[in-house]
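Here is the structure we will look at.
Residue numbers count from 1 along this sequence.
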Amino acid sequence: RAPGERGAGRLPMAVLLETSVGDIVVDLYVEETPVAAKNFLKLCKVKYYNGCIFHNVQQNYLVQSGDPTGTGEGGDSVYKQLYGDQARFFEDEIRPHLRHNKVGVVGMASKGKDKNASQFYVTTRDRCEDLDDKFTIFGQVAEGLDSLAKINDAFCDTNGRPYQNIRIRHTILLDDPFDDPPGLQVPEQSPLPVHDPDDVRLSDDEEVAPPDEEDEEKAQKKIEDMAASSRAVVLEMVGDLPDADIKPPDNVLFICKLNPVTKDEDLELIFSRFGTIVTCEIIKDWKSGESLCYGFIEFETKESCEDAYFKMNNVLIDDRRIKVDFSQSVAKLWGSYYREKKRRGGKRGGSGPMPLDSDAAAAPSRIALKGARYDRRGGGGDMLF
């Protein structure tokens, strides 16, 4: 068995860390790394870690704590309390047989060679070979991997700091083989946590409601609607839409994948069973006059249009299986828009959208490819989206 593993021939010394997301039990390598293990045990005993946050969470790599300042720049070893400032750091205890080869390896987060103090890290993936032979491994998580996973999955900023603080609330020694050295000051009770008034992050004891899937869908729908509205405003500004709020008519069907031999009257005859048809056009090449195999059918009512959509999609016409969808073209509304502007004496590029005339909107369809009925002298034209 690996050193420190339960049942390995020696009793592993264990420490219980009570965190804000659950308990974590750490077994210590007291024989392989006695200096680091004693430092960790005695710091836990004097409640040094109580209130420390996990200030560095690198997802699927490691989590780091042990700094009372919460900045990653602070922390002292227990030996400073015993022997003064010159003993703030202690030497490395790198052992070749202790490797970062699984989840839950506990090591000293040092500032450099022989610069170990109080900060420690716990790995959250199986293979972290880049840490081998650089940092002192002094323990292994024996229980509480689910709590470790919660820390690993916390939402963090770009610096790896969780948006909601995750704290070590208490530390409990389950076994301690080391005698307390002279001068070790053990408090009778745990100190009260100190909250930074300038810390804008969520407190570790603050209840956070789980995300509502319906609210997320509504938020996503709102974002999509805002993006569509923004694009429409741009199209209006560049002259591709008469009005940013314009919508395609809901009584016009778009039909494509037609056989070139299919005629307007054939299509009108087939679709007339669903209701009165106002116009039926198969779009043709403006030079050759040949069918482009798609067209538009305008019904008198929206209900007739919907009925045709549900029953005629993928129907076989002249040995071709056609595709039917609701039209997204606003070409006809362009004609209404320009006729209304002309009637009012307006000019293209006015200061605002011009309301469409309802009577003009009922005029015969003029849907066509750009240039199909383009009068260069008149300056008019049609557009197909």
Side-chain angles (χ1 to χ4, degrees), residues 224-225 228-229 231-233 235-236 239-286 289-318 320-343 353-375 380-385:
E224 293 174 354
D225 291 344
S229 176
R231 290 193 293 267
V233 170
L235 290 174
E236 179 188 5
D240 278 356
L241 279 181
D243 187 346
D245 296 325
I246 196 172
K247 294 182 179 179
D250 55 11
N251 62 330
V252 178
L253 278 184
F254 170 72
I255 301 97
C256 64
K257 296 188 177 181
L258 293 168
N259 193 314
V261 302
T262 304
K263 306 298 182 185
D264 293 347
E265 52 270 21
D266 301 332
L267 213 55
E268 184 173 1
L269 179 63
I270 294 171
F271 278 83
S272 61
R273 57 188 285 255
F274 300 103
T276 304
I277 293 178
V278 178
T279 59
C280 177
E281 286 186 87
I282 294 177
I283 307 304
K284 300 176 178 61
D285 185 88
W286 69 283
E290 295 179 354
S291 170
L292 294 176
C293 302
Y294 71 92
F296 298 87
I297 300 177
E298 182 181 0
F299 287 89
E300 191 173 52
T301 64
K302 174 184 176 181
E303 291 72 22
S304 299
C305 184
E306 291 178 349
D307 194 20
Y309 167 74
F310 288 115
K311 294 183 179 179
M312 293 301 293
N313 193 34
N314 288 325
V315 168
L316 204 64
I317 296 180
D318 291 332
R320 290 286 183 89
R321 202 164 292 280
I322 66 170
K323 177 68 177 176
V324 177
D325 203 347
F326 292 101
S327 173
Q328 299 299 311
S329 172
V330 295
K332 178 180 175 180
L333 301 182
W334 262 114
S336 304
Y337 172 75
Y338 281 126
R339 283 193 294 273
E340 176 65 16
K341 289 197 67 166
K342 185 176 181 181
R343 185 178 69 81
M354 182 69 67
L356 299 177
D357 184 87
S358 59
D359 294 332
S365 173
R366 293 191 50 192
I367 301 171
L369 287 177
K370 184 177 180 181
R373 294 188 179 89
Y374 187 80
D375 185 353
D382 296 290
M383 181 171 293
L384 176 69
F385 284 84

Mark yes when over 12 heavy atoms from residues, nucleotides or ligands other than E265 sit less than 6.0 Å from its CD; otherwise mark no.
-> yes

The criterion is side chain to side chain contact (heavy atoms under 4.5 Å, CB included); which residues satisfy it with [X], sequence neighbours excluded?
{"X": "C305", "result": "L253, F299, F326"}
{"X": "D264", "result": "I282, K284"}
{"X": "I322", "result": "I255, L258, F271, I317, V324"}
{"X": "N259", "result": "V261, T262, D318, R320"}

Between I270 and M312, is a side-chain contact (heavy atoms from CB on, under 4.5 Å) present by the stated rule, with each step listed?
-> CA-CA 10 Å; I270 294 171; M312 293 301 293; 3.7 Å; yes

Give, for atom CG of N251 and atom CD of E298, the distance between the pair rounded to the nearest 0.5 Å.
-> 5.0 Å

To the nearest 0.5 Å, tell me how far D285 CG sits from E290 CD.
-> 7.0 Å

Could you give all pairs that pass the salt bridge (Lys or Arg N to Asp or Glu O under 4.0 Å) test and reach residues 307-316, with sequence neighbours left out?
->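 Every pair satisfying salt bridge (Lys or Arg N to Asp or Glu O under 4.0 Å) with a residue in residues 307-316: D307-K311.
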
Side-chain heavy atoms of [X] within contact of [Y], under 4.5 Å:
{"X": "K323", "Y": "N313", "result": "yes"}
{"X": "F274", "Y": "E303", "result": "no"}
{"X": "I297", "Y": "V252", "result": "no"}
{"X": "P260", "Y": "C293", "result": "yes"}

Would you say the side-chain atoms of R321 pair up with the backbone N or O of V315, donor to acceptor, closer than 3.5 Å?
-> no

With sequence neighbours excluded, tell me which residues meet salt bridge (Lys or Arg N to Asp or Glu O under 4.0 Å) with K263.
-> none

Which residues pass the salt bridge (Lys or Arg N to Asp or Glu O under 4.0 Å) test with D250, sequence neighbours left out?
->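 In terms of salt bridge (Lys or Arg N to Asp or Glu O under 4.0 Å), with neighbours along the sequence ignored, D250 is linked to no residue.
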
For S272, enumerate each residue passing the side-chain hydrogen bond (donor to acceptor under 3.5 Å, both in side chains) test, keeping only those at least two apart in sequence or located in another chain.
->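 For S272 there are no side-chain hydrogen bond (donor to acceptor under 3.5 Å, both in side chains) partners, ignoring immediate neighbours.
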
What residues form a side-chain hydrogen bond (donor to acceptor under 3.5 Å, both in side chains) with S291, not counting sequence neighbours?
->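 Per chain and number, S291 pairs via side-chain hydrogen bond (donor to acceptor under 3.5 Å, both in side chains) with no residue.
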
By ring pair (Phe, Tyr, Trp, His ring centres under 6.0 Å), which residues pair with F254, not counting sequence neighbours?
->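 Listed in chain order: Y294, F296.
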
